[in-house]
*Asks:* 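I have a structure here, written as structure tokens, and I will follow up with some questions on it.
All figures in this text were calculated on a predicted structure; none of them were measured in a lab.
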Amino acid sequence: MNSKNDTTAPPDPAGFDVREFARTAHGNHRGTLDLGSLAEEPLDAESVRLVRALRDMERTTLHRVRDLLVTATHKDARVTAFLTTWMFERFWIADALDAVLDASPAARDLPASAGPARRVRAERRERRGPVLRSLAANFTGTQIVAEHMTTGLVDEWITQAAYRRLAGVSCAMASIIDPVVEIKHRHIRFLTAEAERRLGHSARARRITNRALRHSAWPLGSVDRSRHERTFFERHVFGDQSGRAEARRIRAMIAALPGIRPGVASTVESRLLP
């Protein structure tokens, strides 16, 4: 593969219409939430805690987009247009989860989410802070977009597993979560197409992305969360037999991406497990 191919992204695929995605963005969900059913089928404390964890993850989107757009990713107009709508939709998903927490009596007795963070040597790159991370990313150049698309894709796979866990709690919760999962299917479609074409195009993008996957805290942003909240998420979402099957499925999907080494996919899987 020549140097030009390693520095220039291939043409945009026609499969995902970013303009249509923006035009049909999903906003405020409160008018469609069946919160009354939660009074008849109230959530248990662990399910409410998972709702809070997912709400907090969705709320970090603004900070994530800020970090992405101080790198070469901001030069890609198609990706930037997607990220703007993606951020909008995740804001309103977080708002819907806020409504679920307000309607759940068990939310009043949840343990505090703050606490000391987990210190993992492999995650030290993520603890550098946004300024140092952006400086390092800008040395990477345009191939950083492949890393951002792939890590974002893996993060969506992980959070989808958590949402499916919530949807299985009760019919009331399924009626709230199923539309969220459908919204996220569109996010995954875009991220999959972008990750596959960029990884398939550039050996350098594959090297950068393998390194990022190996050293990231999962779900993204977990490096800043308390140790006990990270352990809860891992245990509740991936700790039982069905959860371990979800982790294996995520590993297989990562390994199927162009140029992602099996050992890297296995490392991600091992980090999901308690």
Side-chain angles (χ1 to χ4, degrees), residues 9 12 16 18-19 21-22 25-29 52-98 113-114 117-118 120 122-160 162 180 183-184 186-195 198 205 208-209 211-226 229-230 233:
D12 292 335
F16 190 97
V18 176
R19 289 186 179 182
F21 174 55
H26 296 270
N28 195 327
H29 302 278
R52 183 180 68 178
L54 287 165
R55 186 275 314 272
D56 292 346
M57 291 172 196
E58 302 290 355
R59 276 184 173 175
T60 65
T61 307
L62 177 62
H63 300 293
R64 283 177 57 187
V65 171
R66 175 204 64 194
D67 290 351
L68 297 184
L69 295 184
V70 296
T71 71
T73 294
H74 82 275
K75 299 177 182 178
D76 191 308
R78 188 168 184 273
V79 169
T80 302
F82 168 80
L83 291 174
T84 301
T85 303
W86 176 74
M87 179 171 59
F88 173 83
E89 291 196 322
R90 285 178 62 118
F91 171 86
W92 286 112
I93 290 171
D95 180 74
L97 296 177
D98 263 330
S113 58
R118 184 186 295 174
V120 179
E123 298 170 0
R124 63 188 182 277
R125 189 177 78 153
E126 288 201 52
R127 294 196 295 270
R128 291 174 181 169
V131 174
L132 290 177
R133 286 202 303 270
S134 69
L135 288 172
N138 276 299
F139 281 109
T140 303
T142 57
Q143 300 308 321
I144 196 71
V145 185
E147 174 191 322
H148 290 161
M149 296 298 96
T150 308
T151 55
L153 173 62
V154 173
D155 189 64
E156 291 285 0
W157 285 336
I158 292 167
T159 55
Q160 267 217 342
V180 171
I183 291 169
K184 286 182 165 289
R186 292 207 299 179
H187 303 170
I188 287 173
R189 277 184 53 217
F190 177 87
L191 293 167
T192 300
E194 288 294 317
R198 291 173 186 276
I208 293 165
T209 302
R211 183 174 67 241
L213 291 172
R214 190 170 61 247
H215 293 296
S216 291
W218 302 105
L220 292 179
S222 290
V223 72
D224 296 321
R225 298 187 185 105
S226 66
E229 284 300 300
R230 287 183 68 175
F233 184 88

*Asks:* Measure the CZ-CD1 distance between F88 and I93 for me, rounded to the nearest 0.5 Å.
*Replies:* 11.0 Å

*Asks:* Determine whether a donor-acceptor pair (N or O, by modelled atom type, separation under 3.5 Å) exists between the side chain of S226 and the backbone of S113.
*Replies:* yes

*Asks:* Does the side chain of R55 come within less than 4.5 Å of R52's, by heavy atoms?
*Replies:* yes

*Asks:* Just so I know, are the side chains of D95 and H29 near enough to count as touching, which here means a heavy-atom distance under 4.5 Å?
*Replies:* no

*Asks:* Please find the pair of heavy atoms, one from L153 and one from A195, that lie closest to each other, and give the distance.
*Replies:* CD2-CB, 4.2 Å

*Asks:* So M149 and D76, do their side chains get closer than 4.5 Å, heavy atoms only?
*Replies:* no

*Asks:* Between L62 and F91, is a side chain to side chain contact (heavy atoms under 4.5 Å, CB included) present by the stated rule, with each step listed?
*Replies:* CA-CA 8 Å; L62 177 62; F91 171 86; over 6 Å; no

*Asks:* For Q160 and I188, which heavy atoms make the closest approach, and how far apart are they?
*Replies:* CD-CD1, 3.6 Å

*Asks:* Identify the heavy atoms of F233 and P219 that sit nearest to each other, and give their distance.
*Replies:* CE2-CG, 3.6 Å

*Asks:* Is any NZ, NE, NH1 or NH2 atom of the basic residue among R211 and E147 found under 4.0 Å from an Asp or Glu carboxylate oxygen of the other?
*Replies:* no

*Asks:* Are the side chain of H215 and the backbone N or O of L213 linked by a donor-acceptor pair below 3.5 Å?
*Replies:* no

*Asks:* Drop me the distance from W157's CH2 to T192's OG1, to the nearest 0.5 angstrom.
*Replies:* 5.5 Å

*Asks:* Judged by atom type as modelled, is there a donor-acceptor pair below 3.5 Å linking the side chain of T84 to the main-chain atoms of T80?
*Replies:* yes

*Asks:* Can you classify the ring geometry of F190 versus F82 as parallel (below 30°), tilted (30 to 60°) or perpendicular (above 60°)?
*Replies:* parallel

*Asks:* Any salt bridge between R64 and D155, counting N to O under 4.0 Å?
*Replies:* yes

*Asks:* Are V79 and W86 close enough that some pair of their side-chain heavy atoms sits under 4.5 Å apart?
*Replies:* no

*Asks:* Quick one, R186 and F21 - any side-chain contact, counting heavy atoms below 4.5 Å?
*Replies:* yes

*Asks:* Contact between K184 and R90 at the side-chain level, heavy atoms closer than 4.5 Å - yes or no?
*Replies:* yes

*Asks:* Where is the tightest heavy-atom contact between A217 and R230, given as atom of each residue plus distance?
*Replies:* CB-NH2, 3.8 Å

*Asks:* Between E89 and A25, what is the shortest heavy-atom contact and its length?
*Replies:* OE2-CA, 3.4 Å

*Asks:* Any chance you could measure Q143, atom CD, to T209, atom OG1, to the nearest 0.5 Å?
*Replies:* 8.5 Å

*Asks:* For residues L83 and T73, determine if any side-chain heavy atom of one lies less than 4.5 Å from a side-chain heavy atom of the other.
*Replies:* yes

*Asks:* Can you find a heavy atom in the side chain of F16 that is under 4.5 Å from one in the side chain of R78?
*Replies:* yes

*Asks:* For a quick test of reading the model, state the closest non-hydrogen atom pair linking A162 to L54 and the distance between them.
*Replies:* CB-CD2, 3.9 Å

*Asks:* Out of the candidates V145, T150, I144, only one should pair with H148 under the side chain to side chain contact (heavy atoms under 4.5 Å, CB included) rule; please name it.
*Replies:* I144

